[in-house]
Amino acid sequence: MTASRYQPADIEPRWQRTWLEQGLYRTDTDPSRPKYYALSMFPYPSGNLHMGHVRNYTITDVIARVRRMQGYRVLHPMGWDAFGLPAENAAIDRGVHPADWTESNIANMRRQLQALGLSYDWERELATCDPRYYRWTQWLFLQMWHLGLAYQKEALVNWDPVDQTVLANEQVDSEGRSWRSGAKVEQRYLKQWFLRITHYAEELLQDLDQLPGWPERVKTMQANWIGRSVGAYLEFPVVGRPAKIGVFTTRPDTVCGVSYVVLAPEHPLVAELTTPEQRPRVEQFLQELQQLSPAERTAEDRPKRGVPIGAMALNPFNQQQVPVWIADYVLYEYGTGAVMGVPAHDERDFAFAQQYGLPITQVILPPGVDQPMPLENAYTGPGTLVNSGEFDGLDNETAKETITQKAQAQGWGEARVQYRLRDWLISRQRYWGVPIPVIHCQHCGVVPVPEPDLPVLLPRDVQITGRGLSPLAQLEAWVNVPCPTCGRPARRETDTMDTFIDSSWYFFRFADPHNDQAIFDPQVIQNWLPVDQYVGGIEHAILHLLYSRFVTKVLRDRGLIAFDEPFTRLLTQGMVQGLTYKHVQTGRYLPPDQVIQENGEYRDKETGAPVAVVYEKMSKSKYNGVDPEQVLARYGADTARMFILFKAPPEKDLEWDEADVEGQFRFLQRVWRLVQQYREQPPAPATDTTPAERELRRTIHQTIQQVTADTTGEYQFNTAIAALMKLTNALTDYQGTNSGVFDEGIRTLLLLLAPFAPHITEELWHQLGHQDSIHRQPWPQVDPSALVVDEIPLVIQVMGKTRGTIPAPAQADQATLEQLALASEIGQRYLQGKTIKKVIYVPGKLLNFVIEG
RNA sequence: GCGGACGUGGCGGAAUUGGUAGACGCGCUGGAUUUAGGUUCCAGUCCUCACGGGUCAGAGUUCGAGUCUCUGCGUCCGCACCA
């Protein structure tokens, strides 16, 4: 037996070693080439790669490899989002230091990534927990501090009473429970650090239009998150007191319909304005609210509750006095934390007024209605003003402007744009994060750590118990420092930063990863950024992607970069789902070995209960995970990559299916055998090109066209691979001799397949006698002349119905083709004796005969 | 409730954007090779014996609709008292 077998376990590690030794994927910095920056969202080093990672990194790797072959200098780096809570949990659960735990996880995952054959430039690797990196995270924070974009304030935060720690909003589920302990979170007032992302709200919204390469869905989510509303700020003086209640409304046109004013329960004016008679009721109400989680309090199906606080407010537009209430449906964090209640024209106010018997005054008449009628629901549509004094008769859109202008002229208010976006709370009372580089001095206040003193190192020797204060706060030796300004005893900030800050600028650092003089050299950034193609999960549609856009704009305003947006194209890949068994009745998940199949039905092995077979996102608790290492051991990296790219388009969810994995393995085997047979075949002397060869050559160049389009335009790796399979089939079916065209076919197949299956193609390329790496070869070019055909199948339609095709000369004109069609069997059958009214001709494609009757 | 996306064979998915629906793969069926095979190869595989009919259902535009418009049904995702 001469033909060797395809054995990925042999060839893959060998080539991975060679590539690394040769520095094959070191970043090409030749400035004469166009740049391409391909980036996957870097992972949290949890210890093991999962299939989601494999999918993400394979996609970006193919893109990077194609661009390299096309002559671009490609930046394709990898690093580690290495700070975060799981490391502290490991310390608590197993007594490992977070740094050691993280380091060994990184080592393992780096090995796993290398086993996938990903073409990273490992010389640019970075980890956010490295002081050489987080020094610049601290520097970035100080820039924001100097710009007034970082500040401290008292804020309501989520407090987990079991874990004794603060949680970020995203770590609390929709029922108000901690993701880790499952405890109901409480609201506490704590002094926290914030970044003023709201300063950029308008620009973050507007610049979404600069991003045609982003999925519409992500842009919509960001726009909703920013939540721009146009309206007015209006002031209601409190009767008998100097205080004024400011409200934000999108409906200034309804101001004469105000029948009460509501403050959020947390509003500072509540204490000041509550009358002695009302105080007991108010305090009881506030206490009741304390018992509820934020999620419970704001649940929409909950009846709205409130109490009057005794004070009256004056509506300056009609001089009416209306009561001031507090109610649970008013959010302190949005707008001014106070609203005007217009029951007739706002659904929430309507419900509230009905419940408490407050007056409902209609001030907008729907079109075609000429006098107020009792309302069954709030009327929120357009109309004409009534009961509004001087504004009666105005259409309500005009009235919005007129009334806002009057408010402004009289000093009662102004036009205002309000955003839903809140400032970014970055304080974390945790150990494994970047220390916030400030010092609190009794005499000088908050003093930033001077830049030469950076980094503020995270001390190694700490007790991590998950109880009590932040671990850093307990390290007296670390906390106590002299004030940088006055030299007197002062204390370090003991909060660390949200890890989303670490990841909001890492893509800059990859361009200049070893710079120890600056966060980066602006020249180098200009040379590589923005990121041309960013790939990651949809779960970051808002958080990471919004934060990164914000930081980019800050750096731009600081004069360090000259562009507005960090990621030109964004691809959000779909989930990888596993075969999942769950009880039909209970929805409980079952391990595969607990399930038996009989007569096509799936049942619980023990109880016989019916079991549903579905695909769901892979997770330990669902017993549906597939370990990448096992797949690699069994089929090799090339098969895993091919499967994951072929099974579904990149944005769609992907169902892991062992049978399809084997299908890909079979395909690579076919390619292997094809090349082995080709090697054994003696080369034939040159002859005239046969029709079969012309046909094959056309297939070759159609494949080049298809694969090129699918890997550089709209990413459709599944159809690219389908085209490669077709080419393989065509080469296998080719009955001719070992001709020049066949040579071209084999060579082109390997070159086009190389970005997808880098190992087998490299091996076969060398077996064919090439010395240089296939991954350094230029990308095949389409020869337009190869696509030209002599004869086409012309589609014949009658009245729009396809009746078949006839072979026709490609160059023939319409009249000739019509003659051919009429003379053909199809023409005889369907057109004989009919009157042809009209003929539609699509050049090179079809003839459609429109006939009488 | 609001916003977005989507509905194509037994399954995953194709269809140059208005021009032969079902590429490619999985699965399945039959055959061949093999000591054997969960190997490989060959043939077939939308439905129908056929005429024909088919892209969730219904209507519309068009010579022609999976593709465009409207209505309905269904699925998925995001937001959810944001004034």
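Naming convention: chains lettered A, B, ... in sequence-line order (proteins, then strands); numbering from 1 in each chain.
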Who pairs with [X] by ring-ring contact (aromatic ring centres under 6.0 Å, His included), at least two apart in sequence or on another chain?
{"X": "Phe194(A)", "answer": "Tyr151(A)"}
{"X": "Phe643(A)", "answer": "Trp656(A)"}
{"X": "Tyr635(A)", "answer": "Phe665(A)"}
{"X": "Phe317(A)", "answer": "Trp412(A)"}

Of the nucleotides [options], which one has an atom closest to the side chain of [X]?
{"X": "Tyr334(A)", "options": "rC24(B), rA83(B), rG13(B)", "answer": "rA83(B)"}
{"X": "Asn718(A)", "options": "rG25(B), rA83(B), rA14(B)", "answer": "rA14(B)"}
{"X": "Thr250(A)", "options": "rA83(B), rG12(B), rU20(B)", "answer": "rA83(B)"}
{"X": "Val339(A)", "options": "rU16(B), rA83(B), rC79(B)", "answer": "rA83(B)"}
{"X": "Val330(A)", "options": "rA83(B), rA15(B), rG52(B)", "answer": "rA83(B)"}

Let me know the distance between [atom1] of [X] and [atom2] of [N], rounded to the nearest Å.
{"X": "His267(A)", "N": "rA83(B)", "atom1": "NE2", "atom2": "P", "result": "17 Å"}
{"X": "Glu655(A)", "N": "rG12(B)", "atom1": "CD", "atom2": "P", "result": "6 Å"}
{"X": "Lys845(A)", "N": "rG18(B)", "atom1": "NZ", "atom2": "C1'", "result": "11 Å"}
{"X": "Ile721(A)", "N": "rA23(B)", "atom1": "CD1", "atom2": "P", "result": "18 Å"}

Please give the nucleotide sitting opposite [N] as a Watson-Crick or G-U wobble pair, both distances under 3.5 Å, or none.
{"N": "rU69(B)", "result": "rA59(B)"}
{"N": "rU35(B)", "result": "none"}
{"N": "rG74(B)", "result": "rC6(B)"}
{"N": "rC79(B)", "result": "rG1(B)"}
{"N": "rA14(B)", "result": "none"}
{"N": "rC28(B)", "result": "rG44(B)"}

Just call it for Pro649(A): base, sugar-phosphate, or nothing, with non-hydrogen atoms closer than 4.0 Å on any strand.
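Pro649(A): backbone/sugar contact only, no base atoms under 4.0 Å.
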[X]: partners by salt bridge (charged side-chain N to carboxylate O under 4.0 Å, His left out), with sequence neighbours left out:
{"X": "Asp783(A)", "answer": "Arg697(A)"}
{"X": "Asp346(A)", "answer": "Arg348(A)"}
{"X": "Arg670(A)", "answer": "none"}
{"X": "Glu216(A)", "answer": "Lys219(A)"}

Just confirming the chi classification of rG9(B), syn or anti, using 90° around 0 as the syn window.
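In terms of base orientation relative to the sugar, rG9(B) is syn.
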Classify the glycosidic conformation of rU17(B) as syn or anti, calling it syn when the angle lies within 90° of 0.
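Because its glycosidic torsion lies within 90° of 0, rU17(B) adopts the syn conformation.
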Does the salt bridge (Lys or Arg N to Asp or Glu O under 4.0 Å) test come out yes or no for Arg803(A) and Glu825(A), once each step is laid out?
CA-CA 10 Å; Arg803(A) 294 303 182 183; Glu825(A) 201 185 318; over 6 Å; no
Would you mind checking if Arg305(A) and Asp328(A) are paired as a salt bridge, meaning a charged N to carboxylate O distance below 4.0 Å?
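Here Asp328(A) does not pair with Arg305(A) in a salt bridge, since their nearest N and O are not under 4.0 Å apart.
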Between protein and nucleotides 74-77 of chain B, what N or O pairs are separated by less than 3.5 Å?
residue : atom : partner   : partner atom : Å
rC77(B) : O2'  : Arg217(A) : NH1          : 3.2

Can you tell me if Thr802(A) touches the phosphate of rA21(B), counting only side-chain N or O atoms and a distance under 4.0 Å to OP1 or OP2?
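Answer is yes, contact under 4.0 Å.
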Quick one, give me the B/S/- string for nucleotides 26-51 of chain B, reading 5' to 3', where B means a protein heavy atom under 4.0 Å from the base and S means that only happens at the primed atoms, P, OP1 or OP2.
SS------------SS----------
Interatomic distance at [atom1], [N] relative to [M], whole Å:
{"N": "rC6(B)", "M": "rG18(B)", "atom1": "P", "value": "15 Å"}
{"N": "rG30(B)", "M": "rG12(B)", "atom1": "C1'", "value": "25 Å"}
{"N": "rA21(B)", "M": "rG54(B)", "atom1": "C1'", "value": "9 Å"}

List the steps, then state whether side chain to side chain donor-acceptor pair (under 3.5 Å) holds for Asp349(A) with Tyr329(A).
CA-CA 10 Å; Asp349(A) 297 343; Tyr329(A) 77 96; 2.8 Å; yes
Kindly write out the residues that satisfy side-chain hydrogen bond (donor to acceptor under 3.5 Å, both in side chains) with Ser619(A), not counting sequence neighbours, or none if the list is empty.
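If we apply the side-chain hydrogen bond (donor to acceptor under 3.5 Å, both in side chains) test to Ser619(A), skipping adjacent residues, the hits are Ser621(A).
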Under 3.5 Å, which protein N or O atoms sit close to an N or O of nucleotides 61-65 of chain B? Give each pair with its distance.
residue : atom : partner   : partner atom : Å
rC63(B) : O2   : Asn848(A) : ND2          : 2.1

Could you check whether the rings of Tyr332(A) and His267(A) sit parallel, tilted or perpendicular, using 30° and 60° as the cut-offs?
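Rings of Tyr332(A) and His267(A): perpendicular, over 60°.
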